There are 2 protein chains.
Amino acid sequence: MSLREKKKIETKNKIFEVSGRLFKEKGFENTTVDEITKEAGIAKGTFFNYFSTKEALLLYFGEKKEELVYDLIENETMKNIPTKEKIKNILICLADSCEKDKELTKLLILEHTKCMQHSCLGPDECKNSLYRLNKLVCASLKEGVGNKDVKSSIDVKMVADIITGIHLYSLIVWLKSDGEISFSNSISEKIDMLFEGIGN
Amino acid sequence: MSLREKKKIETKNKIFEVSGRLFKEKGFENTTVDEITKEAGIAKGTFFNYFSTKEALLLYFGEKKEELVYDLIENETMKNIPTKEKIKNILICLADSCEKDKELTKLLILEHTKCMQHSCLGPDECKNSLYRLNKLVCASLKEGVGNKDVKSSIDVKMVADIITGIHLYSLIVWLKSDGEISFSNSISEKIDMLFEGIGN
DNA sequence: GGTCAAATATGACTAGAGTCATAGTTTGGC
DNA sequence: GCCAAACTATGACTCTAGTCATATTTGACC
């Protein structure tokens with residue numbers, strides 16, 4: 001690895017490390033790019049060579065966090081268990097990860113919503129958590145149709161959208177709550193309802 | 001009405017009218033508060049006497065728009081029709097309204113998401129569209145349980161959250177699309193699925 | 001180890017949201 | 001009509017994200 005590459009990685013990590021500390025100390029909004037760069041010992045302009053906006057740094061935090069979760073989830077989808085359980089497990093993994101850092105989750109959900117709207121990236125390289133979840137659920141459902149776990153009459157994509165929506169809104173409700181409700185529990189029950197149906 | 005009150009209303013309307021025009025012409029982001037105040041013939045500081053932030057003005061646009069929709073929806077909930085149809089109609093009303101001004105909807109959904117998280121207002125006076133939808137659906141479901149349209153075993157609040165989530169995510173997907181899909185159609189089918197259940 | 005092009009760093013600068021001390025207006029009581 | 005208090009308008013000012021022309025560093029080649 002060239003000196004140049006090494007320095008680049010070093011600087012990016014420095015920004016990441018410093019900003020992580022500052023965000024924890026005083027929150028994202030109350031931390032200025034100036035502070036980050038001063039603490040990191042770089043010029044302000046340099047920051048924007050690494051992250052196009054302050055929000056891009058936030059998304060980077062999200063990516064780092066989600067790398068781990070999606071590894072776990074990927075494993076989950078390998079298991080040979082009933083489709084309903086599989087989907088529940090996926091959602092619970094994600095919920096657990098959200099529960100680990102409520103503040104970050106709060107900030108990221110806004111960025112993800114913004115990003116989804118602007119179709120920030122093409123369908124494939126998009127790291128957006130909602131998008132990834134949707135694709136995974138879609139795949140599990142397809143498998144479920146094959147297994148006869150799931151009605152063959154359903155439109156798989158549509159159901160994946162329903163489930164993603166359940167995740168998203170439950171997340172919002174949970175974020176608003178003062179920690180008295182468990183995100184992962186509430187979502188699990190909702191999936192049961194969807195599988196059983198609510199009509200008489 | 002006192003002179004003072006009259007002037008206040010006049011100024012607020014002037015801001016509303018001018019900014020509405022400018023937003024349509026050049027978009028929300030590309031319109032500055034300076035421009036709005038210049039066109040409205042007021043000082044910059046005055047703007048912030050009426051709207052605490054530029055985003056608050058956006059929410060005001062939302063309120064004005066939603067006043068109309070929720071009147072329609074309120075009528076819908078009066079009708080004596082099967083619960084499933086009633087909920088579909090509510091969602092379709094809302095979807096139609098969103099379809100009328102995609103740009104505004106795009107901007108509002110972010111504000112609403114932000115607002116929900118910060119529990120901007122107490123549950124009752126909160127004008128947030130998601131919140132209002134949730135309450136209306138909840139009421140319809142309760143009625144549905146009474147009518148035996150809906151299984152009595154369900155947790156009404158939870159199902160209302162599912163439906164709100166379906167609305168929210170469908171909205172996001174529709175906003176991202178280039179107008180080839182109909183928001184109201186897609187949502188209608190999803191409600192059918194929820195009522196029937198997807199499991200075998 | 002000198003030279004040049006490409007990559008990277010720099011910080012003064014711009015732009016726009018939001019603040020606040022001050023100035024001006026309206027009102028109700030006398 | 002006059003006055004004080006309450007309310008409202010004003011615009012110079014602050015604060016911060018993001019830009020960009022310029023300076024510095026690196027790597028490849030001779």
Side-chain angles (χ1 to χ4, degrees), chain A residues 1-62 107-108 110-111 114-115 118 120, chain B residues 1-62 107-108 110-111 114-115 118 120:
Chain A
M1 186 187 293
S2 71
L3 173 57
R4 200 169 258 172
E5 281 176 275
K6 253 187 267 178
K7 277 196 174 177
K8 252 181 104 168
I9 291 173
E10 218 172 87
T11 305
K12 189 160 190 176
N13 285 342
K14 186 81 188 170
I15 294 173
F16 186 61
E17 173 210 312
V18 166
S19 59
R21 184 159 43 75
L22 291 175
F23 290 166
K24 280 226 174 77
E25 268 171 41
K26 30 196 304 193
F28 177 73
E29 300 291 346
N30 299 320
T31 305
T32 67
V33 174
D34 260 305
E35 282 177 293
I36 296 171
T37 54
K38 282 219 177 80
E39 289 243 351
I42 57 171
K44 192 172 183 185
T46 305
F47 177 93
F48 293 98
N49 289 338
Y50 288 88
F51 300 98
S52 61
T53 63
K54 198 182 161 194
E55 274 69 35
L57 173 56
L58 204 54
L59 286 173
Y60 185 68
F61 272 89
L107 294 164
L108 282 173
L110 278 176
E111 292 309 312
K114 212 180 284 176
C115 164
H118 294 51
C120 52
Chain B
M1 186 189 291
S2 72
L3 174 58
R4 202 168 255 171
E5 282 177 273
K6 252 186 269 177
K7 277 194 174 178
K8 254 181 103 169
I9 291 172
E10 218 171 89
T11 304
K12 189 162 190 176
N13 284 342
K14 186 79 189 173
I15 294 173
F16 185 62
E17 173 210 313
V18 166
S19 58
R21 184 160 43 75
L22 290 175
F23 291 165
K24 280 226 175 77
E25 268 170 41
K26 32 196 304 192
F28 178 72
E29 301 291 347
N30 299 319
T31 305
T32 67
V33 174
D34 261 305
E35 283 177 292
I36 295 171
T37 54
K38 281 217 178 83
E39 289 243 352
I42 57 172
K44 192 173 183 185
T46 305
F47 177 93
F48 294 98
N49 290 338
Y50 289 88
F51 300 97
S52 60
T53 64
K54 198 183 161 192
E55 274 70 34
L57 172 56
L58 204 54
L59 286 172
Y60 185 68
F61 271 88
L107 294 164
L108 282 173
L110 277 177
E111 292 310 311
K114 211 180 286 176
C115 164
H118 296 52
C120 53

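A quick note: this is a predicted structure, and the numbers were derived from the prediction, not measured. Excluded from the calculations below are hydrogen atoms, water molecules and symmetry mates; all remaining heavy atoms, backbone and side chain alike, are included. Note on naming: letters A, B, ... go to the chains in the order of the sequence lines (proteins, then strands), and numbering restarts at 1 for each one.
- Toward the 5′ end of DNA chain C lies the nearest nucleotide of Val33(B), the other residue of the pair Glu5(B) and Val33(B) mapping further downstream.
- Here Thr32(B) does not reach the OP1 or OP2 of dG16(C): none of its side-chain N or O atoms lies under 4.0 Å away.
- Between Glu35(A) and the choices Thr37(A), Val33(A), Thr32(A), the side-chain contact (heavy atoms from CB on, under 4.5 Å) rule is met once, by Thr32(A).
- Rounded to a whole Å, the CG atom of Asp34(B) is 11 Å from the P atom of dA12(D).
- Environment of NZ in Lys38(A): sparse, with no more than 12 heavy atoms of neighbouring residues, nucleotides or ligands closer than 6.0 Å.
- The stretch residues 6-23 of chain A comes close to DNA chain D through Lys7(A), each having a heavy atom under 4.0 Å from the strand.
- We find that CE of Met1(A) is positioned 16 Å from P of dT26(D), with the value rounded to whole Å.
- In terms of position on DNA chain C, the residue among Glu29(B) and Arg4(B) whose nearest nucleotide sits closer to the 5' end is Glu29(B).
- Between the CG atom of Leu3(B) and the C1' atom of dT27(C) there is a distance of 10 Å, given to the nearest Å.
- Legend: residues meeting salt bridge (charged side-chain N to carboxylate O under 4.0 Å, His left out) with Glu17(A), ordered by chain and number and at least two apart, are absent.
- Contact annotation for Thr31(A): backbone-only contact, meaning every heavy-atom pair under 4.0 Å involves sugar-phosphate atoms and none involves a base.
- A donor-acceptor contact shorter than 3.5 Å is absent between the side chain of Lys14(A) and the backbone of Gly41(A).
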| query | Could you go step by step and tell me if Phe23(A) and Phe61(A) meet the ring-ring contact (aromatic ring centres under 6.0 Å, His included) rule? | reply | CA-CA 11 Å; Phe23(A) 290 166; Phe61(A) 272 89; 5.7 Å; yes
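- Put simply, the side chain of Phe47(B) reaches to within 4.5 Å of the side chain of Leu57(B), judged on heavy atoms.
- In summary, Glu5(A) and Lys8(A) do not engage in a salt bridge, as defined by a charged side-chain N under 4.0 Å from a carboxylate O.
- Electrostatic pairing of Glu39(A) and Arg21(A) counts as a salt bridge here, judged by a charged N lying under 4.0 Å from a carboxylate O.
- At a non-hydrogen distance threshold of 4.0 Å, Lys44(A), Phe48(A), Thr53(A), Lys54(A) from residues 44-59 of chain A come into contact with DNA chain D.
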